[in-house]
Asker: 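A single structure is presented below for examination.
Naming: A, B, ... by sequence-line order, numbering from 1 per chain.
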Amino acid sequence: MAAVAGLVRRPLEQVSGLLLRRRFHRTAPAALQVTVREAINQGMDEELERDEKVFLLGEEVAQYDGAYKVSRGLWKKYGDKRIIDTPISEMGFAGIAVGAAMAGLRPICEFMTFNFSMQAIDQVINSAAKTYYMSGGLQSVPIVFRGPNGASAGVAAQHSQCFAAWYGHCPGLKVVSPWSSEDAKGLIKSAIRDNNPVVVLENELMYGVPFELPAEAQSKDFLIPIGKAKIERQGTHITIVSHSRPVGHCLEAATVLSKEGIECEVINMRTIRPMDIETIEASVMKTNHLITVEGGWPQFGVGAEICARIMEGPAFNFLDAPAVRVTGADVPMPYAKILEDNSVPQVKDIIFAIKKTLNI
Amino acid sequence: MRKMLAAVSRVLSGVSQKPASRVLVASRNFANDATFEIKKCDLHRLEEGPPVTTVLTREDGLKYYRTMQTVRRMELKADQLYKQKIIRGFCHLCDGQEACCVGLEAGINPTDHLITAYRAHGFTFTRGLSVREILAELTGRRGGCAKGKGGSMHMYAKNFYGGNGIVGAQGQIFEAYNMAALWKLPCIFICENNRYGMGTSVERAAASTDYYKRGDFIPGLRVDGMDILCVREATRFAAAYCRSGKGPILMELQTYRYHGHSMSDPGVSYRTREEIQEVRSKSDPIMLLKDRMVNSNLASVEELKEIDVEVRKEIEDAAQFATADPEPPLEELGYHIYCSDPPFEVRGANQWIKFKSIS
């Protein structure tokens, strides 16, 4: 009866997933097709239910169901006190959110895109990130800043910037960057439960992408630890480290190269800060080759930090070739399609970099 | 009499190859100008406001009609191209708000400076760019006004500073009010109040919706933004105020957008279709001007219809160009990062991909 009720409650895509599950039940463990959007929605829903101090605020998050429909249904379920529409006033409402966190609530502050967080960045860094330190451990700020980050499609220079490096630069902040639905759900839940300010860098182009959500990820207590990377694909010849949407491109490149006998180990960082350099080092010590792949600009980026840390640690002596970075082009994002396509890392750029590193 | 004229015109058109309606028109007498009453503006910290009557010449009327119709048709063409996926990304249309950009321009000089947010296509046109350049920018082609690199929200022209994608900044506007008033800067702050900020009505977002009063120590006007003559007079008044050295002034234009916030917003989840339809039928700016001109014998219905036909053709031609023009060349991906600098190399997706950057 509960299963039927569940069927009725869920959107169409999930229903078909459930029906499919029935058929596969006898051969494979129960998995469910869930989009990244749904995963974030579920994660927030579960945490809102679990702890009444959790609330969501931002532009269009309530009555509009979210600019990208990530918060669909939450206002209907939780009402005005927990899901709050704000005026278009990032500095203002981010400040209100930080104050609420300081006073003991657990806000989720949505930026419609992280480009708009620049309007409020003083609150994120100076009011949220640094406060626990500045107060000598007295004042914590258990806040989550979330929203889509990085390039979308055709939204041009002011709406396409990746903030992983900017936020990853700051001590006091935790920064996560989910790729899959499992990542999204587990990381948003961990972020909400974390007593520190956590920046969750989602990706608009990933919102509609379905993934299989394994059985354990369907539990209400499913958490992904912040600060731990995941090896998405085992390999022996080269380590590819990436985060967010480019992880998918890396897996595509790995599939292509596998046919040529090159086996790539693909690491999904999941967390930008604190960075899980140990997983990367262990992999490099196995494969002796490293490339990093990110959507952001090259200068002072995530890849640059990884390369620097590799040099500082035991893995450096295992490298047979210099580490290589694949990044966005060093330009403000152009609008025209041909220019935009060439301003983001493509599968062919990853393959080229791998072959260069392996001297093939 | 009319039948005779029609017959005469048919003969003459055969001979002189002029379109029949033109010949017909030449034989009518239009008024050179007409005086109209316009709505009184609400005033804040002002003893007097703009005049409540204004004179519209036939020439100006035809010009405003053509310009508003061009903006209207251009926006509707953009809607079409967006649905065909020839325009990508964000596209914020201003149909319904034509009286604002056209009326504003009528009240200022081309040497004045203008800046706005992302609902900018109308202003881009009234500030002097062609429909061709605008549509080609929307389609991301090399013939676009920003060479295809900016898109909908980033169009610039002489004395027009865009087209900007990031808005909201309510605190920043009060900072601007303070400095403008402190230093008596000749600045007109304009709020195109179309009742909604994306999907949120003004009542849900603003503690005070009397935007024209929110400059506090800065005087303000609330203007009927659907009446182009009202907008023109208010702008003339505001410009004169600034030019006389009295400092900044605020104008709230009460207007309405027919489309949703952008092409991704159907625009009907937070307002009713009835509301949109009511504005269209009672307050459409182009219709209001047309009725005034026809009723005061400043123009004929046929003449205005002919302008419609010409505008339609202009938009079609521009759309053709915008669809056929090639994309910008890949070699220019790195151009225009810096100004007045010697050429340098720009890194692409990896260290082996390089683009040249010239200023």
Asker: Between B:R347 and A:Q299, is any pair of side-chain heavy atoms under 4.5 Å apart?
Answerer: no

Asker: Tell me, do A:Q63 and B:R204 make a side-chain contact under 4.5 Å, heavy atoms counted?
Answerer: yes

Asker: Give a yes-or-no answer on whether the side chains of A:E59 and B:T200 include a donor-acceptor pair shorter than 3.5 Å.
Answerer: no

Asker: Identify the heavy atoms of A:P345 and B:A349 that sit nearest to each other, and give their distance.
Answerer: CA-CB, 4.2 Å

Asker: Under a 4.5 Å heavy-atom cut-off, does chain B meet the side chain of A:D85, its backbone, both or neither?
Answerer: side chain

Asker: Would you mind checking which part of A:S152 comes under 4.5 Å of any heavy atom in chain B, side chain (CB onward), backbone (N, CA, C, O), both or neither?
Answerer: neither

Asker: Tell me, for B:I173 versus chain A, whether the close heavy atoms (under 4.5 Å) come from the side chain, the backbone, both or neither.
Answerer: neither

Asker: Do you know which of A:L339, A:V331, A:D330, A:D349 has the most heavy-atom pairs under 4.5 Å to chain B?
Answerer: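 Of A:L339, A:V331, A:D330, A:D349, A:L339 has the most heavy-atom pairs under 4.5 Å with chain B.
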
Asker: Does any non-hydrogen side-chain atom of A:Q158 lie less than 4.5 Å from one of B:M153?
Answerer: no

Asker: Can you tell me which of A:A120, A:A67, A:S89, A:A353 forms the most heavy-atom pairs within a distance under 4.5 Å of chain B?
Answerer: A:S89

Asker: Output the option from B:T139, B:I337, B:N164, B:L330 having the highest count of non-hydrogen pairs under 4.5 Å with chain A.
Answerer: B:L330

Asker: Between B:S264, B:S269, B:G89, B:G171, who has the most heavy-atom pairs with chain A when the cutoff is under 4.5 Å?
Answerer: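 The option with the most such pairs is B:G89.
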
Asker: So for atom CZ, which belongs to A:F300, do other residues, nucleotides or ligands contribute more than 12 heavy atoms lying within a distance under 6.0 Å?
Answerer: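 Atom CZ in A:F300 is not crowded, with 12 or fewer foreign heavy atoms closer than 6.0 Å.
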
Asker: Taking side chain as C-beta onward, heavy atoms only, is B:E327 less than 4.5 Å from A:K337?
Answerer: yes

Asker: Would you say that B:W352 contacts A:K356 through its side chain, given a criterion of any heavy-atom pair below 4.5 Å between the two side chains?
Answerer: yes

Asker: Do you know which two heavy atoms are closest between A:A329 and B:L333, and how far apart they sit?
Answerer: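 Smallest heavy-atom distance, with atoms named: CB-CD2, 4.3 Å.
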
Asker: Between B:Q170 and A:M91, is any pair of side-chain heavy atoms under 4.5 Å apart?
Answerer: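 SC-SC contact between B:Q170 and A:M91 ruled out.
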
Asker: How about B:H154 and A:Y335: are their ring centroids closer than 6.0 Å?
Answerer: no

Asker: Please look at A:Y68 and chain B and tell me whether the side chain, the backbone, both or neither of the residue comes under 4.5 angstrom of a heavy atom of that chain.
Answerer: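 For A:Y68, the contact with chain B is made by the side chain alone.
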
Asker: Side chain, backbone, both or neither: which part of A:M118 has a non-hydrogen atom closer than 4.5 Å to chain B?
Answerer: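 When you check distances to chain B, no heavy atom of A:M118 falls under 4.5 Å.
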
Asker: Which answer fits B:I353, side chain, backbone, both or neither, if we ask what part of it has an atom under 4.5 Å from a heavy atom of chain A?
Answerer: side chain

